[in-house]
Amino acid sequence: MDEDAAFDQADDPVAARRAAEALIVDVDGYEGPLDMLLSLARGQKVDLRRISVLHLAEQYLAFIASAKALRIELAADYLVMAAWLAFLKSRLLLPPDPSEAGPSGEDLAAHLAFQLERLEAMRGAAARLMARDQKGRDFFVRGLTEDVTRIRRVSYTATLLDLMQAYARIRTKDEFRPYALDRESVYTMEEALERMRGMIGYAGDWVDLSSWLPEGWQLDPARRRAATAAHFAASLELVKQGALEIRQGDTFAPIHIRKRVP
Amino acid sequence: MAQDTEPEESLFEAPPMAEQERMVEAILFASADPVRVAELNARMPHGCDAAAALAHLARRYEGRGVNLVRVGEAWSFRTAPDLGFLMQKETVEIRKLSRAAIETLAIIAYHQPVTRAEIEEIRGVSLSRGTIDQLLELEWIRFGRRRMTPGRPVTYVVTEGFLDHFGLESARDLPGLKELRAAGLLDSRPMPGAEEDETDASTQGDMFEDES
Amino acid sequence: MAQDTEPEESLFEAPPMAEQERMVEAILFASADPVRVAELNARMPHGCDAAAALAHLARRYEGRGVNLVRVGEAWSFRTAPDLGFLMQKETVEIRKLSRAAIETLAIIAYHQPVTRAEIEEIRGVSLSRGTIDQLLELEWIRFGRRRMTPGRPVTYVVTEGFLDHFGLESARDLPGLKELRAAGLLDSRPMPGAEEDETDASTQGDMFEDES
């Protein structure tokens, strides 16, 4: 492996430099520090379970050192890993301090070995997965598919009661005609309220309510009556809401309204 | 012929016929369009005889749920014709008959045989073609005898299916106006058991539109 | 009396198994995607047993150019893998997945349900956003249940589409799954000294859905 060569030929500065550069360039090819550690570990050519984590840590730290010497910027996670490995290395080398809490160097090393083994195992699993027969590459789906056509059938129904009511309705049109308002000449309070709300802002001074009637509702007596009643009722509602003031000088005198200034 | 091909066959050794059949089967299965024999031969290893393989395959799929069919010069798998119904999913939606239809039906039931003009006169609105068609399609009405009046208009009568649906022995069993009134059917109040919405809807319908 | 009821019984009798087999064959041939047993039963006449018909059908297609394969709860016909060389591939282009995407997919498949943090822990590198997106887009992974740990992180699981693509009957059939599990490599082992929460989290996840 290139990395091994880098450290073996440390006495040859040019070769070392080249090898280190090659490794640096390769950093792009690594999927993070764990991946690089795995790659270095493979260089030990032993079962990952029996790997020397101490040696691995030293290899990694040497790589980081050479990268620094070459003034090559490394991603932060590589540096974090370096710091952690330096800590691990000291733990592994120094005799355990009984006063110090926390996991032992061996525990940490074992965990790192586990992580490497697990990553390796996942790599293998991924490779085996991708080596499987794949749809569209090794096996194929039906080319000429038939859609399920959805047929919607509508069925109509009616009851005897519907039938009889319908007949009764027709045969007794005159007497049966349900009470209906003659909507032609009806102006509802809701309509008036809606209309007045829109206009109220312009009513600064007293105005005759009758001048507020909408067009087409001022001449025909029936319509005028309806519109006046509706607008009067709406005015009262607006007074109640505190939006309007209303006054009438005398009985049957014109009703005046104006916007209420708070 | 056979002698000419023999040396070639032994050179390239075409796969056994069973294998060729599998190949044709796979190619036809995966193709979106029918495949010609020439194309099959081109795609299969040298020395294969797609036509022979097709013949074997066609026999194998005889009577199965899918059949090997010839489409012009090409071949394809198709659903067996008798299983076409499996490719359909039927949903039945039940709808209320429209107001126009139920009124027309009522008039036909009470006045049969009745002409179109008479129906229109009783309802006071003209009858849209769809209404009569719908009732004919439902097989609740049918054509009666032509009226012996100028123009010999057709008449409509209700069917057995109508009587069946409405649980009537005969159209004559339909209650008369008096009975309807006695039963409260001439009241504008909603009928006991009738949905309120419906009554409302029909009342409103009366106000806004005469014909739907 | 007995004579009266007999014809009625035959009306409701399910079709013979050979006929049911044809029906399943036709329905599956018509669909590119796997069809669930429940859907087969729903589309076949009343009283049919799609599962039994499938068993017969699978035997019939053993060793043929197309095979009946199981994908989770669903079934589908697929061309035999050894005949892939006959197929025209230009129509279906397999998207080249990045190494990160492939590894992430494998981790999700073997560790599911798994959180983003766990994937990152295993790979030792943070996951770029595009990776998960790509796998979601391929419909090879989907969201599983949220983990019942602080933050309630989402989990990922593989889909039936994933099983279908890789010709797996279920996630249990992932290659080497048993060995990996036996070796403890699918355990989520926290860093010594790290908080216990993590262990709880993964254990819980395992309990919720071992298989999806």
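Predicted model only: the values in this text are computed from it and were never measured. Naming: A, B, ... by sequence-line order, numbering from 1 per chain.
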Exercise for the section: Give the intermediate values and the outcome of side-chain contact (heavy atoms from CB on, under 4.5 Å) for residues C:Phe162 and A:Leu129. Expected result: CA-CA 11 Å; C:Phe162 164 86; A:Leu129 189 63; 3.8 Å; yes
Problem - Which atoms of A:Arg118 approach chain C - backbone, side chain, both or neither, heavy atom under 4.5 Å - result: both
Handout entry: Segment of A:Leu144 engaging chain C (4.5 angstrom heavy-atom cut-off)
Key = backbone
Checking the side chain of [X] only, and the main-chain atoms of [Y] only, is there a donor and an acceptor separated by less than 3.5 Å?
{"X": "A:Arg142", "Y": "C:Phe29", "answer": "yes"}
{"X": "A:Arg132", "Y": "C:Phe166", "answer": "yes"}
{"X": "A:Arg123", "Y": "C:Glu103", "answer": "no"}
{"X": "C:Thr79", "Y": "A:Phe140", "answer": "yes"}

Problem - Cation-aromatic face contact C:Arg189/A:Phe114, 6.0 Å, 45 degrees - result: yes
Using non-hydrogen atoms and a 4.5 Å limit, figure out which bit of [X] sits close to chain A: side chain, backbone, both or neither.
{"X": "C:Ala32", "result": "both"}
{"X": "C:Asn67", "result": "neither"}
{"X": "C:Ser31", "result": "backbone"}
{"X": "C:Leu180", "result": "side chain"}

Practice task
Identify the residue among C:Leu186, C:Leu185, C:Thr104 that makes a side chain to side chain contact (heavy atoms under 4.5 Å, CB included) with A:Met122.
Solution key: C:Leu186
Exercise for the section: For C:Glu121 and A:Leu34, work out which heavy atoms get closest and say how close. Expected result: O-CD2, 4.2 Å
Practice task
Begin from the C-alpha positions of C:Arg99 and A:Asp35 and carry the test salt bridge (charged side-chain N to carboxylate O under 4.0 Å, His left out) through to its verdict.
Solution key: CA-CA 12 Å; C:Arg99 191 174 140 190; A:Asp35 184 32; 3.0 Å; yes
